[in-house]
*Asks:* 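First the structure, then my questions, so here it is.
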Amino acid sequence: MIWAAIGCFAIAAILGGYLLRRVLTDRPTPKGIAIVHGLLAATGLVLLVVYNLTYTPAPVIPTLVFGGAALGGFLVFGRDITKKTIPKWLALGHGLVAVTGFALLLIFAAG
Amino acid sequence: MLEALRVGQGTTGYSTGNLYATVDRRLDRVRSKVDKETLKIVADSRSAAIDRIESLIAEHAIACDFRRVPFFHIAETADGEKALKDEFAACTEAGLRVSLGGPQGVPLPFPVHSALRLEGQAQLNPLAYTCALAGATAAAGCRIHEGTKAISVDEEDGQCIVTTESGHTVRARHVLMATHSPKGIMFVQTLLGPYREYALAATLASGTYPPPGTFWTMTGEQRHSLRHYRNEAGEDFLLCLGEPHKVGQKPDDAESNVELFTRLETYLRERFDVASIAYRWGAQHYRSADGLPYIGPRDDDSHVHIATGFATDGLVYGTLAAMLVTDHIVGRDNPWAHAYRFGRRTPIKSAAAWIKENANVAWQYLKDLPSNVDADHFADIGPGEGKTILVDGSKCAAFRDDNGALSVVSAVCTHMACIVAFNPGERTWDCPCHGSRFRTDGTVIEGPAINDLPSVSVSIVAEQIAKEGEKENT
């Protein structure tokens, strides 16, 4: 289950990188990519929560970090579809938090 | 009064001018979602709105061809009989005096199976009526500013502040946003389905037109509205309206809306001795999730009033909205107000339509992938065609006019960032999510979008065309 979550997060990260590049170069983000990115990340997070409830030890800290990244993602997407400017620091911050969560999750899985 | 275009030049001027106490989507469908009292309110309030229109016309001596006519709901084949019986039951329950019978008494030159008849309905010329009413309003002291686009409506200390495109502000105690769909982003837009419908004005070789009346016909799933119209020059036309589809989306079983005009023409030619098609046009409407419009202040403490979700019944519902909003502003109780309250939540009655509309919106967003464009090169866009194309990595909407000149604007709708689609029948860019429409130069025509589609720099377009040329040569 944890490897399925990692797989979802990995693909979401690739799409997220593409979206981040669009935001940083002031280009519109393809909403199809943004939605698939969000759905994959949400699937990964759900799998992670289920893993937390099922196994011990559990990757609690990566899960919390991903939860924070998810909130940032909602904020970014909300601003995007309401045609408000996405602050670059917000997009970067969302990405950095998610990457941190991903690294912590990998360390947990490898350990 | 601030009018972005000219009075009556939006949807009103494209209406076929039929006024009726029942509703476009059938009273029977409303009955399935509301109680008997509300059903009666719908019929009573709509009848009162028609009476109000008649009294305004008399009061201001408006020449707009208003006349009381019978309304027919017609089943062309036996398939429609049950729907007519259900509609008859709903109309009767609503207190409307209807009769249901066979083909006898239906003054149309083609065979029909059965018909429901409702006396005392009406017809007018909506543009003549609206312009004359605006004139009477101006004479009474109302200042009308045409060509004045409002770009925001704010509330501050109990006052409404409307800002126009030129940066001017208008302060008022109350504001009514009579913009079809409210402008800007609002939750109510998730409860509205934007549709376009098409109309033809045909001349008949025999010169024998149906007598005054509104004729709604049903053929299987297809519905058409027919009426006779005589213009100021004394020329006669048969108006035919039908073929609705979601704005900005390909119609079911048709390549484009151009085919829908052909279908309408075929429908007419199969039933009448059509000599020529003199005019063709489209008009937009917004269907509410629970079948009734949303009318009233945008929240309990607000002085900004909204009226939307009229479906194709806007001439009557628009008048009714004016009556309800007036009563609210002057503090007069109106027994019909609660049925149409803007902020009503009807989750069970609205669920099916809400899910359908918003799943469709989500699908439109999902289709926004980098590779999903209509053309790879500007050379792929022929005269009279509009296609989406990637320019400098961004999706653009490119239109080539009949002389070969290109106009290129952003394809990202300024309302909620959906990708617009070309409407070949009317040569506009239409948003498939919430129904905003734009001219080929990007100017907003209608819908919730406030801002125009931004133009793409000529130098960027020229650079891309040059690159395309180089590729072609190598």
*Asks:* Is the distance between the ring centroids of B/Y286 and B/H180 under 6.0 Å?
*Replies:*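 B/H180 vs B/Y286: aromatic centres under 6.0 Å.
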
*Asks:* Name the region of B/C413, side chain, backbone, both or neither, that has any atom closer than 4.5 Å to a heavy atom of chain A.
*Replies:* backbone

*Asks:* Where does A/T25 contact chain B at under 4.5 Å (heavy atoms): side chain, backbone, both or neither?
*Replies:* neither

*Asks:* Does B/R400 pair with B/E385 as a salt bridge, N-O distance under 4.0 Å?
*Replies:* no

*Asks:* Decide whether B/E426 and B/N423 meet the rule of one side-chain donor and one side-chain acceptor closer than 3.5 Å.
*Replies:*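 Side chains of B/E426 and B/N423: pair found under 3.5 Å.
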
*Asks:* Could you tell me which portion of A/I35 (side chain, backbone, both or neither) has an atom closer than 4.5 angstrom to a non-hydrogen atom of chain B?
*Replies:*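 For A/I35, side-chain heavy atoms alone lie under 4.5 Å from chain B.
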
*Asks:* Is chain A contacted by the side chain of B/N372, its backbone, both, or neither, given a heavy-atom distance below 4.5 Å?
*Replies:*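 Neither part; nothing is under 4.5 Å.
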
*Asks:* Could you check, using the six-membered ring where one of them is a Trp, whether B/F422 and B/F399 have ring centers closer than 6.0 angstrom?
*Replies:*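 Centroid distance B/F422-B/F399: below 6.0 Å, so yes.
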
